[in-house]
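Keep in mind it's a predicted model, so treat the numbers as computed, not measured.
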Amino acid sequence: MGQNTTRRGFIKAGVAVGAGLAAGKAAAQSDPLITEVQEWNQVLGFGVDERPYGIPSPYEKAVKRRSVPWLTADPISSINFTPLHDLDGIITPNGLCFERHHGGVAEYDPAAHRLMINGLVDNELIFTMEDIMRFPRENHVYFLECAANSGMEWRGAQLNGCQFTHGMIHNVMYTGVPLRLLLEEAGVKTEGKWLLAEGADASGLTRSIPMDKALDDCLVAFKMNGEALRPEQGYPLRLVVPGWEGNMWIKWLRRLEVGDQPWHHREETSKYTDLMEDGTARRFTWVMDAKSVITNPSPQAPITHGSGPTVLTGLAWSGRGTIPRVDVTIDGGKNWHAARMSGPSLDKSMHRFYYEFDWDGSDLLLQSRAHDSTGYVQPTKDALREIRGTNSIYHNNAIQTWYVNKEGVAENVEIS
Amino acid sequence: MSKFLKVLIAACVIAGPVSAGTYGLGRTATSDEVKAWDTDIRPDGVGLPVGSGTVAQGEEVFADKCAACHGDFGEAVGRWPVLSGGHGSLADDRPVKTVGSYWPYLSTAYDYIYRAMPFGNAQSLSSDEVYALVAYILYVNDTVDDEAFTLSNENFLSVEQENAGGFFMDNRSEVEYPKFTRSVCMDNCKDVVEITARAAVVDVTPEETAAAAAENSTTNEEVETVVVEEVAMPVLNEELVAKGAKVFKKCKACHKVGAKAKNSTGPHLNGIFGSAVGANEKFKYSKGMKAAASEGLMWDAENLRTFLKKPKDLIKKTKMSFKGLKKDKDLDAIIEYLKSVSN
């Protein structure tokens, strides 16, 4: 069920706690939803073609992407967030995948799309979408996380909701052609060590990608979760750069240039470089470190049922492999518990974890801590700040804390 | 075994050196095609076209095409990017990262301005204009101090950015991975836990008001439309409206329409057709627009046509940096579209 983000929502939730306490095994009054024939038990519903492309129940309308208007100058070059607190499992539905555009969504006929490969290759080539669909395809589930995810949290707890603190991420199954096959078709010259990927939208976004990665596991994808890419995800063609920051996954991919050195374009100099405390900056910080977040309970998803059996759940991921283990604490890190992993454990994909406990109705301080398959363990905020300061904007993979009070209301906090 | 499978297996077997043309798909690009799309510039100057421009020329282009968002001197309007200043601020508590203070290479500015600017009219600048704009950005950053300074493909590489040496390769694998690859405490890890920071105190999370939460409701509180005089609305030509919506893409970097429209670089245009000039109380108009408003000018079809054909023909001192629509059919379409958002 979708929760709204208003204070009124929290108050309602508080009222619900009382009802929850009154319920339980002993309830004796008969439920009219059972004893009386309901409208939907009696009259006919709509037929098969009423919604030729299915949509969620109207009761789920609060489940949607949301933005933080003060973050950017204009909604055309802006970002919104995936409602992680409303989702379960590991796959993000296409319509809820967060959006980040630099020049708005380019919408055009796929028949008008061209992909050029030029530069240090034996043959400079042009592909149509039809050409691309004739190469062998692969299917892979990968997370895409914006490097700026949690970027507003460096200086302290800022935004109340995992949608806003962690929602610049989605996880879908891509169908696409290995980039290696397209590069082989053009024939990369030996001095070709870098690739420039360029989008066809009004920002013409470009990123430099080392050839080793391009030939390793990158895909040129045209489907997400089985259907065509959504326009806001780069329809008809996008680059998939597994485990690396989302900005490199060029949407509306129109050109791949092979070169002998990186281009140092705007998105890899002015942006997506990590400013350290001493004023110098890291560049080419491509890999997304292991990270996790508890999605329920969280500020947008308070506990409404009162004390007793409670499901805690969340997501974990790493750009360097899988997540074999997540630890969870409900007392602010005094004691930790191994969470239960459930669902497929795929390379560079989101993982789902659960921790079921019997809530005694007292204050909770919730945290999760991901361990990835290389042995790396998600750090605390203070450990990251010690190395990077608070101005790096990008790559904040620190442990998140939610405070849950006796009413079940959750808040984004930091703890000692 | 099918031919296709054989090819597949061949593709798997050939490892190591990347060989050309396994599938014979695609076609060879023409040199004109590559030239049209390969506009990227590198720090070593590869890709720079022939051309030149002075600071003074750049100032003119900037005032006309950039200042509406970036401010007259690159200081920025609202939350649009700041292009100048911030020198020596990178280690401060609040660093100001500008083209002057942060960008390591000037080539990045050339590349980006041509590929993406002006916002909403990308790839429209001549190489001389881009050189002039880059020269002007150097000037407002005090990198050059002479308005007669000319930047060209000849002297481009002689300009050094102050933060050219300010970047280093990602070193997380040395500095962070060993530290964070660790065994962890599971039981009795600390005695006391205190809350040290709270988001509720900062209070910057967007709130959904009761009105907004009532979603699909037709109320439209954010938009205040001031229609001074009722103008009878003719029946719309929907085909023309649809064409106009496409033409409007040229406008929407600055002007918003629709239920959530707010003023941005330009005023929102809900209700613009048939309204008085300069009637949006929340928008800060140019002196020229205010003068036209005081004369009682109306946005009827005729005035809209004159203005959108060449803005400065109707209102000489307008801030709107739009060169105008040349084609009559585009003008017909956009006016029909503006009618449609005014109904």
Asks: Measure Thr28(B) against the heavy atoms of chain A and call it side chain, backbone, both or neither at under 4.5 Å.
Replies: both
Asks: What part of Lys256(B) gets within 4.5 angstrom of chain A, counting heavy atoms only: side chain, backbone, both, or neither?
Replies: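 When you check distances to chain A, only side chain atoms of Lys256(B) fall under 4.5 Å.
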Asks: Using heavy-atom distances under 4.5 Å, tell me whether Trp103(B) contacts chain A through its side chain, its backbone, both, or neither.
Replies: side chain
Asks: List the atom of Gln158(A), the atom of Thr205(B), and the distance in Å for their closest heavy-atom pair.
Replies: O-OG1, 3.9 Å
Asks: Could you state the interatomic distance from CD (Glu414(A)) to CZ (Arg198(B)), rounded to the nearest 0.5 Å?
Replies: 12.5 Å
Asks: Let me know if Cys185(B) has heavy atoms under 4.5 Å from chain A in its side chain, its backbone, both or neither.
Replies: backbone
Asks: Heavy-atom distances under 4.5 Å only: say whether Val192(B) touches chain A with side chain, backbone, both or neither.
Replies: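 For Val192(B), the contact with chain A is made by the backbone alone.
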Asks: Which bit of Leu365(A) comes within less than 4.5 Å of chain B, counting heavy atoms only: side chain, backbone, both or neither?
Replies: side chain
Asks: Considering only NZ, NE, NH1 and NH2 on the basic side and carboxylate oxygens on the acidic side, decide whether Arg155(A) and Asp93(B) come within less than 4.0 Å.
Replies: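 Yes, Arg155(A) and Asp93(B) are salt-bridged.
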Asks: Answer yes or no: is there an ion pair linking Arg42(B) with Glu257(A), defined by an N-O contact shorter than 4.0 Å?
Replies: no
Asks: Checking heavy atoms, do the side chain of Ala253(B), its backbone, both or neither come under 4.5 Å from chain A?
Replies: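 Just the backbone, heavy atoms under 4.5 Å.
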Asks: Identify which part of His337(A) has an atom lying under 4.5 Å from any heavy atom of chain B, answering side chain, backbone, both or neither.
Replies: backbone
Asks: Below 4.5 Å from any heavy atom of chain A, which atoms of Asp38(B) appear? Answer side chain, backbone, both or neither.
Replies: both
Asks: Is it the backbone or the side chain of Leu182(A) that comes under 4.5 Å from a heavy atom of chain B, or both, or neither?
Replies: neither
Asks: By a 4.5 Å heavy-atom criterion (distance strictly below it), what part of Tyr177(B) contacts chain A: side chain, backbone, both, or neither?
Replies: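 It is both, since atoms from each part get that close.
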Asks: Under 4.5 Å from any heavy atom of chain B, what part of Asp327(A) do you find: side chain, backbone, both or neither?
Replies: side chain
Asks: Let me know if Phe119(B) has heavy atoms under 4.5 Å from chain A in its side chain, its backbone, both or neither.
Replies: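 Side chain only.
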Asks: Does a side-chain N-to-carboxylate-O contact under 4.0 Å join Arg255(A) and Glu33(B)?
Replies: no
